[in-house]
Number of protein chains: 2
Amino acid sequence: MVKITDVARHAGVSPSTVSYALSGKRPISEETRRRVEEAIRELGYRPHAGARALASSKSNVLALVVPLRAGIHIPVVMRFAVSVVTTARDYDHDVLLLTQEEGEEGLRRVADTALVDALILMDVQLHDPRLPLLRALERPSVMIGFPASSEGLTCIDLDFKAAGEACVDHLAQLGHQVVALVGSPPEVYVRQTAFAQRVVQGFTAAADRHGLASSVHPCEAGPGDARRVAERLLREQPALTGVVVHNEPLLEPLIDAFEKLGLRVPGDLSVTAICPDELAEAARVPVTSVALPSAEVGERAVELLMRKLAGDTDVPEATLLAPRLTERASTAPRVAP
Amino acid sequence: MVKITDVARHAGVSPSTVSYALSGKRPISEETRRRVEEAIRELGYRPHAGARALASSKSNVLALVVPLRAGIHIPVVMRFAVSVVTTARDYDHDVLLLTQEEGEEGLRRVADTALVDALILMDVQLHDPRLPLLRALERPSVMIGFPASSEGLTCIDLDFKAAGEACVDHLAQLGHQVVALVGSPPEVYVRQTAFAQRVVQGFTAAADRHGLASSVHPCEAGPGDARRVAERLLREQPALTGVVVHNEPLLEPLIDAFEKLGLRVPGDLSVTAICPDELAEAARVPVTSVALPSAEVGERAVELLMRKLAGDTDVPEATLLAPRLTERASTAPRVAP
DNA sequence: GCGTGACGTCGAAGCGCTTCGACGGGCGAA
DNA sequence: TTCGCCCGTCGAAGCGCTTCGACGTCACGC
């Protein structure tokens, strides 16, 4: 193995000079730098990561904790992970993959052994048991999603309130006057992050702002539920022409149910959703939707982390990503009766 | 930060004794071990990963290179990755996530900087450009999939030949006498690993063994192709009652096409597939299939790597995992005409 | 003409751990 | 009894890098 002393000898300088030439932490003459670089190239020198970590107390590795829980859309996780890795590389960092399964002990382990410099957590719950640990840890972290209190932590996610609004805005713009929100199953409103509530807030606010008649329905997503939900919506709001679905498994079945009840999508009924793009695209009727911008979240998460690692003290605690609505085949202007 | 000297002092022993108590590389008296363990617990000691890596020239980290290419089934990759991480943890190792995008330079980087001890590569191509590098690298590696020549490398994958056979065996057992293989698009047979060919071999061998009439059809997987393929199959083999599909995007459309042509699945036609379980399960008619055992592949890959790291010299170059066929709704006994 | 400071470089001291050789004590074999 | 050996422990020497303080040189300002 070729080491820094070899490079130094070959270039006719001291090891510290090689180090400074590499890190740029002290001025080095043009001539010397050139010689060092040449020596490095000729010898094929690669600094030993462990030695570097030991001497500098920086591993240049980030931990990424991915969820395993059922109900998580895998491609979204994967896209996010890839985006984290790619962005981390731009900052000369690598990514260590951890599973949720490892729990708090896993976090403590990689943090305390100095295996990683910082952490990224996905799938943060409202009252995530890892929160106290994260606050106590001496290493910076960024969480995807918002817990009940993000005090002293850094969080990032899609702006679900704005996403709810965007869907309603789109429907209002198309002339729809009676809209409904088909929400996530009731337990999601309790267990998970606050995102489900925020969709409701956005939905309601936008509907009020546009002067639309609106209603909100948290819905189970079992096999037979779609039909029942569709019937209930139509019973309660016979003039319904716009639906926002924030319930992934229910999306397709619900559209089917509406059509079976004689309503054409988007002819009689416009449907928008908040869901991963794959789902919206793959549907029989491709659905106009606000996507979870996983790649962007990953990128931004790493950027936030890098700022924290650089000692930036005014990194925002909360970052909300603006929703982007993609129009597809499931929405159309309202046809006056 | 609490270090090994702190533990040593607290336990009244020397640092080396603490190290040996931890690693078990030299005998330590029961009494001493107890005192050391207690000191560790009381002080909350965690060995510094970098220092350890430097001193022992072992990072206890594996690199996992995941593919990005379109056409790869993401959940399979993810399941594989999770299984690698989980298994690696059982062996006290962590996993560094790399993307294919980083290419050979990325492999060289993590290997040469001693960031990782060993590598796992997914999605290995027939003539993968990384092969020479892997052979040259001083670190062990395991590849998922088989290149043209696996000489001197360690590879593991589903036994696709046996998978092809298993499908035919199943159909034969149900009494089917005329079978067809709907294979991957022609370019797959060229570009990728040899797995597509192996399926053909297994299919043909088993059909011959059972004395069935059989035919093989590499197929494109465009939107209109399903219908054409179905028609062609029925034209060429009017008595066809068993189909093996090794072409993921074509699976569902093909079944639909058959039904539109008046053939009931599984009433008139039994269909089996080689594809990820999700796909087989999610189909309108759940498909009897041989799955890609991603979790098992991940586990076995790590085990192979651990053996190599332990200095085991007779680790098999090729490991073929036995297929497991799951019966679902798409196959049934042949009904005599 | 001399003090001052920036520039460019060096040497040495660690970073926290593992590992090697050494050593004292105890025990079994001769 | 004595020799030799194994057990259990220690001290010291690194592992390969970064970083701090120091030093010589040169240019500039007064």
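A note on names: the letters A, B, ... follow the listed sequences, proteins ahead of strands, and every chain is numbered from 1. What you see is a predicted model; the values in this text were computed from it and never measured.
- In this structure, CZ of A:R9 is placed 12 Å from P of D:dG16, rounded to the nearest angstrom.
- The pair B:E151-B:R135 does not meet the salt-bridge criterion, since no charged nitrogen lies less than 4.0 angstrom from a carboxylate oxygen.
- The existence of a salt bridge linking B:D6 and B:K3 is excluded, since no basic side-chain nitrogen approaches an acidic carboxylate oxygen closer than 4.0 Å.
- Of the two residues contacting DNA chain D, namely B:S56 and A:S56, the nearest-nucleotide position lying further toward the 5' end is that of B:S56.
- In this structure, CG of A:L115 is placed 14 Å from C1' of C:dG16, rounded to the nearest angstrom.
- For A:R52 and D:dT18, the shortest distance from a side-chain N or O to OP1 or OP2 is below 4.0 Å.
- In this structure, the CG atom of B:L54 is 13 Å from the C1' atom of D:dA13, given to the nearest Å.
- For B:T32 and B:S29, the side-chain atoms include at least one donor-acceptor pair closer than 3.5 Å.
- With D:dG16, D:dC17, C:dT18 as the choices, the nucleotide that has an atom nearest any side-chain atom of B:S19 turns out to be C:dT18.
- A:S14 and A:T17 form a side-chain donor-acceptor contact under 3.5 Å, judged by distance and modelled atom types alone.
- A donor-acceptor contact shorter than 3.5 Å is absent between the side chain of B:S83 and the backbone of B:R79.
- Note on A:K25: every side-chain N or O is 4.0 Å or more away from OP1 and OP2 of D:dT18.
- As a whole-Å value, the separation of B:H48 NE2 from C:dT18 P is 12 Å.
- Atom P of nucleotide D:dC15 and atom CD1 of A:I4 are separated by 14 Å, given to the nearest angstrom.
- In this structure, A:D117 and A:R139 approach most closely via the heavy-atom pair O-CB, 3.4 Å.
- One can place CG of A:D6 at 11 Å from P of D:dC15, the figure rounded to the nearest angstrom.
- B:R34 and B:E31 are joined by a salt bridge, as a carboxylate oxygen and a charged side-chain nitrogen come within less than 4.0 angstrom of each other.
- The distance from atom CG of A:L22 to atom P of C:dT9 is 14 Å, rounded to the nearest whole Å.
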Could you list the protein-to-nucleotides 5-9 of chain D atom pairs, N/O on both sides, closer than 3.5 Å?
residue, atom, partner, partner atom, Å
D:dT9, OP1, B:S29, OG, 2.9
D:dT9, OP1, B:T32, OG1, 2.1
D:dT9, OP2, B:S29, N, 2.8
D:dT9, OP2, B:T32, OG1, 3.4
D:dT9, O4, B:R26, NH1, 2.7

